[in-house]
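Everything on this sheet refers to the single structure shown next.
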Amino acid sequence: MGFTLLGALVPGLGLIVGGRRRLGAFVLTLFLGLVGLGVYVGLTRREEVLAAAVVPSRLLMTSVAIGAVAFGWIVVIVASHRSLRPATGGAGGRAFGATFVGLLCFAIAAPAAVGVQSVLAQRTLVQDVFQSQGESKSATRPSTVNIKDPWEDKPRLNLLLLGGDDAPSREGVRTDTVIVASIDTKTGNTALISLPRNLTFMPFPKDSPLHRFYPDGFGKEGLSLDGRLEWMLTAMYQNIPDAHPGILGPSDNEGADVVKQSVGEAIGLKLDYYLQVNLQSFPEIVDALGGIRVNVNERVAMGGVSSSHIPPKEWIEPGANQHLDGRHALWFARGRYGADDDQRQVRQRCVIKSIVDAADPQTLVTKYKAIARAGRHLLRTDIPQELLPAMVQLALKVKSGTVSNVTLDSDKLRLKYLHPDYQALRDTVENALESTPVPTPTPTTPATPTTARKPTITTTTAPPGPVQNLADACAYNPAGDQPN
């Protein structure tokens, strides 16, 4: 029994002890070779392994390999026990031995089955969410993909993050959340730019077919406040494709292409791809991660309608490092009652940061099937499959890099006016992405020999740009004034 267990832990040893030395030596050599290969790949090829985890063909081969290794391991356990058990053993001993071997086989088969299921769930997620460049249609993404080095001539990757408020009870889709993530492809440092959903007269590039219909931007003069609702940024996703279907060319998501063109022109960046989150499925992904932790600096309403003076029935109370499940996380990001758009945008960026923090390796390994299932319901994107390996490597840099917030001064940029100052907005974003504080060492000279001391180093920095580290923006710092 002991040698059977040893032969299960180190395949081949049981066969050698049982007298089948050649076969045992072969199995042991193969086992040690696979272990050595695994250690080598884990230490030196980690990024390549992660990149392979988004290639459907390699995922299929991986699932087959896991099954084959588990089957071979089980065969070795059974063969080792048959070689080791005494010929004079009684029926009770044989039954006990068979039960013991069965448990050992189950200990191999169960995690292998979970591994195969997780790999196949990942494959399904990749195939459902990410289409290949040739199979999907987008009117605004780059037409070609440099698979070898996608970032060779691209210092920054600009992604449009959309929160779509679609639900069976609502007519149409409103993009209440519009955030641009501008990622430095060398360092992974990421700047988040949040645009208020009520922006009007959103511009289009001059070479866009939509510029002919909206030369001064998407908007109308002389409308009441209620009338403007259908001419705001939040309404573009639904209303422009309805008014001009197919105007940008073949597209799997016309609304996203429209918003991508307009937002890019408004902030002065060429947006590469979009990621659209279905907010109705958002709680599912948070729950799959086991929840997120955020600092709640003010009471956040769960429901309520400010304009109708209908108070919320529930609140998320202030507190440091609070654990939120999916339902509470969604309300933390979306709660409007007693709060303005600026407060909501800060909370939304903090939720993004918290999700990035929650996606640690242990969580991904233990809960991946649920995460993959939620991801299939949650995401739409025009990022092609061919780019995914490079995106995984860039995501590792983002994980270890700095996530910052580009602060937009609503008054100076006239963001709450009928005609925002989009040129000033472009200048603000450009300055924020270019500004980097540089420390300058300046040694000081001792005044007299008698007061000599070691030179001290003082630092000076360039004037700070409108950028705030999200670690600071999302810290626990309650203001004290709470909505009631």
Side-chain angles (χ1 to χ4, degrees), residues 54-56 124-154 156-164 166 172-175 177-183 185 193 195 202-214 218 233-279 281 375-392 394-395:
V54 290
V55 180
T124 303
L125 171 66
V126 171
Q127 290 180 319
D128 287 357
V129 175
F130 302 92
Q131 305 299 314
S132 66
Q133 183 89 358
E135 293 179 355
S136 60
K137 299 173 183 178
S138 172
T140 54
R141 74 180 174 197
S143 56
T144 58
V145 178
N146 178 1
I147 299 177
K148 282 190 174 182
D149 188 3
W151 324 130
E152 181 180 12
D153 300 316
K154 185 178 287 295
R156 303 196 74 90
L157 177 72
N158 299 313
L159 301 177
L160 176 65
L161 311 179
L162 296 175
D166 49 331
V173 179
R174 303 280 174 167
T175 51
T177 301
V178 179
I179 300 175
V180 174
S182 183
I183 305 170
T185 56
I193 307 159
L195 294 185
M202 285 286 293
F204 288 97
K206 291 183 179 179
D207 59 354
S208 169
L210 287 168
H211 187 270
R212 179 161 53 93
F213 292 94
Y214 308 105
F218 180 70
L233 170 58
T234 185
M236 295 177 71
Y237 182 96
Q238 182 75 30
N239 291 354
I240 292 182
D242 285 350
H244 310 284
I247 190 171
L248 294 181
S251 173
D252 296 330
N253 191 342
E254 288 186 81
D257 281 326
V258 166
V259 178
K260 192 199 294 187
Q261 269 202 355
S262 185
V263 169
E265 179 67 13
I267 65 176
L269 295 178
K270 173 64 177 176
L271 303 188
D272 300 294
Y273 304 100
Y274 76 85
L275 277 165
Q276 182 174 338
V277 176
N278 174 6
L279 293 181
S281 299
R376 291 168 56 194
H377 304 153
L378 182 77
L379 294 174
R380 292 182 69 182
T381 183
D382 60 351
I383 297 175
Q385 275 188 20
E386 293 86 344
L387 193 61
L388 290 182
M391 292 290 285
V392 167
L394 181 60

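What you see is a predicted model, and the numbers here were worked out from it, not measured in a lab.
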(message) Between D382 and K137 (salt bridge meaning N to carboxylate O under 4.0 Å), is one present in this structure?
(response) no
(message) How close do A256 and L160 get, counting heavy atoms only, and between which atoms?
(response) O-CD2, 4.4 Å
(request) May I ask you to decide whether K154 forms a salt bridge with D272, counting only side-chain N to carboxylate O separations under 4.0 Å? (result) yes
(message) Could you check whether any side-chain heavy atom of L388 comes within less than 4.5 Å of a side-chain heavy atom of V55, counting everything from C-beta outward?
(response) no
(message) Could you check whether any side-chain N or O of R174 sits under 3.5 Å from a backbone N or O of M236, counting only pairs where one atom can act as donor and the other as acceptor?
(response) no
(request) Please check if the side chain of D252 supplies one atom and the backbone of S136 the other of a donor-acceptor pair under 3.5 Å. (result) no
(request) Indicate yes or no for a side-chain donor-acceptor contact from Q133 to the backbone of P384 under 3.5 Å, with no hydrogens or angles considered. (result) no
(request) Sequence neighbours left out, what passes ring-ring contact (aromatic ring centres under 6.0 Å, His included) with F218? Give chain and number order. (result) Y214, W231
(message) Please give me the minimum heavy-atom distance between K260 and T140, naming the atom from each residue.
(response) NZ-OG1, 2.9 Å
(message) Is it the case that the side chains of N253 and Y237 hold a donor-acceptor pair, with the cut-off being a distance below 3.5 Å and no angle test?
(response) yes
(message) Are Q385 and V126 packed together at the side-chain level, in the sense that at least one heavy-atom pair is separated by less than 4.5 angstrom?
(response) yes
(request) Output yes when a side-chain donor or acceptor of Q127 lies under 3.5 Å from a complementary backbone atom of P56, and no otherwise. (result) no
(request) Without swapping roles, check the side chain of R141 against the backbone of Y273 for a donor-acceptor pair under 3.5 Å. (result) no
(request) For the residue pair V180 and L159, establish whether any side-chain heavy-atom pair is separated by less than 4.5 Å. (result) no
(request) Evaluate the side-chain proximity of T381 to V129: yes if any heavy-atom separation is below 4.5 Å, no if none is. (result) yes
(request) Indicate yes or no: at least one non-hydrogen side-chain atom of N158 is less than 4.5 angstrom from one of I183. (result) no
(message) Taking the side chain as everything from C-beta on, heavy atoms only, tell me whether V263 gets closer than 4.5 Å to L271.
(response) yes
(message) Under a 3.5 Å threshold, yes or no: a donor from one side chain and an acceptor from the other, between D242 and Q238?
(response) yes
(message) If I compare all heavy atoms of P203 with all of S262, which pair ends up nearest, and what's the gap?
(response) O-OG, 2.8 Å
